[in-house]
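Computed from a predicted model, the values in this text were never measured in an experiment.
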Amino acid sequence: MPELDVIIALLLLGSIVGFTAGLLGIGGGAMLVPSLTAIFLHQGVPLDNLIHLALGTSMASIIFTSISSLRAHHARECVEWPIVRQMIIGILIGSFSATFIATLMSSLFLAIFFSAFMAYASLHMFLGQKAVQPMASSREFFIVGTGIGALSSLVSIGGASLTVPYLVRCQIDIKKAIGTSAAIGLPISLAGTLGYTINGLWHTSNDNFTFGFVYWPGAILISMAGSICAPIGVSIAHRLPVQRLKKIFGVFLILLSIKMLISVIQGH
């Protein structure tokens with residue numbers, strides 16, 4: 001089991017991630033992967049599997065925070081279930097398949113890819129969404145869902161940074177876009193966790209409750225704290241200027257990703 005300082009760090013991380021997931025629709029991986037990378041470095045995890053373990057553990061923890069966030073948004077009738085049903089098959093296929101690609105990549109390449117993606121996502125938070133398009137067809141929802149699932153698995157996010165802007169462009173209200181994103185985050189995290197577990201079985205041992213690329217004590221502690229704090233974020237999201245908060249959060253994500261990238265490069 002983890003040491004006391006690690007337990008405290010994981011619980012604090014889970015609280016922050018759960019709160020921001022409910023508040024901003026951010027699935028968690030944006031904060032989890034860089035933070036878990038730092039925690040695993042502290043625990044002496046080999047660099048070869050460092051980012052892979054952070055990605056898999058992040059995915060597993062997102063399962064429970066997504067459930068909590070989804071229930072809270074559904075209670076406020078902010079989930080567009082017809083859209084979820086049209087995207088879910090593509091989401092599952094993309095999320096599961098991408099874990100096989102991630103396994104073939106080095107930790108350094110994954111760290112660079114993650115940082116580049118966070119820079120892109122943060123830029124969109126700053127610029128906002130101005131262009132709109134008609135409601136998509138079922139075929140488009142499937143294709144877009146596959147792409148969102150694949151990218152989400154590669155960077156271990158709940159997909160909100162991709163799903164929310166896309167739905168807003170489809171003329172979906174921002175609060176309903178966030179709620180629908182929370183619903184889509186659940187199948188992303190389930191398929192991604194399964195994929196990282198299977199792919200990691202040949203690269204890690206079962207020591208310290210690590211199965212595949214998932215460190216379950218970390219996932220459970222983060223999930224416990226996150227599930228408690230996610231509904232608080234949802235409640236506040238309906239009273240605060242979410243778009244302005246996203247811009248502030250975007251700066252934080254860039255700094256966090258740069259720190260993770262520097263740590264991995266120094267390790268090499």
Item to check | Reported CD1-to-CG distance for the pair Ile91 and Leu190, which is rounded to 0.5 angstrom | outcome: 12.0 Å

Checklist entry - Is it the case that one hydrophobic cluster holds both Leu221 and Ile228, taking links as side-chain heavy atoms less than 4.5 Å apart, direct or via other members? => result no

Next on the checklist: Out of the candidates Ile112, Leu36, Thr37, only one should pair with Ile51 under the side-chain contact (heavy atoms from CB on, under 4.5 Å) rule; please name it.
Outcome noted: Thr37

Next on the checklist: Taking transitive links into account, so neighbours of neighbours count too, which hydrophobic residues share a cluster with Phe142 at under 4.5 Å side-chain distance?
Outcome noted: Ile88, Ile89, Leu92, Ile93, Ile143

Checklist entry - Parallel under 30°, tilted from 30 to 60°, perpendicular over 60°: which one fits the rings of Phe109 and Phe113? => result parallel

Next on the checklist: Rounded at 0.5 Å granularity, tell me how far SG in Cys170 sits from CD1 in Ile83.
Outcome noted: 7.0 Å

Item to check | hydrophobic_cluster_shared for Leu53 and Ile7, side chain cutoff 4.5 Å | outcome: yes

Checklist entry - Quick one: does Thr180's side chain have a donor or acceptor within less than 3.5 Å of a partner on Ala177's backbone? => result no

Checklist outcome for this item: dist Ile188:CD1 -> Thr193:OG1 (nearest 0.5 Å) comes out at 11.0 Å

Next on the checklist: Donor-acceptor check, side chain of His52 to backbone of Ala102, threshold 3.5 angstrom: yes or no?
Outcome noted: yes

Next on the checklist: Using modelled atom types and a 3.5 Å cut-off, is there a donor and acceptor pairing between side-chain atoms of Ser153 and backbone atoms of Ala98?
Outcome noted: no

Item to check | Aromatic ring proximity Phe211/Tyr215, centre distance under 6.0 Å | outcome: no

Checklist entry - Tell me, do Tyr166 and Phe141 make a side-chain contact under 4.5 Å, heavy atoms counted? => result yes

Item to check | Contacts of type side-chain hydrogen bond (donor to acceptor under 3.5 Å, both in side chains), residue Thr99, not counting sequence neighbours | outcome: Asn199

Next on the checklist: Test: salt bridge (charged side-chain N to carboxylate O under 4.0 Å, His left out). Region: residues 79-89. Which pairs qualify, not counting sequence neighbours?
Outcome noted: Glu80-Lys176

Checklist entry - For Met105, does the CE atom sit with more than 12 other heavy atoms under 6.0 Å from it, leaving out its own atoms? => result yes

Checklist entry - Has the side chain of Ser156 got a donor or acceptor atom that lies under 3.5 Å from a matching backbone atom of Leu55? => result yes

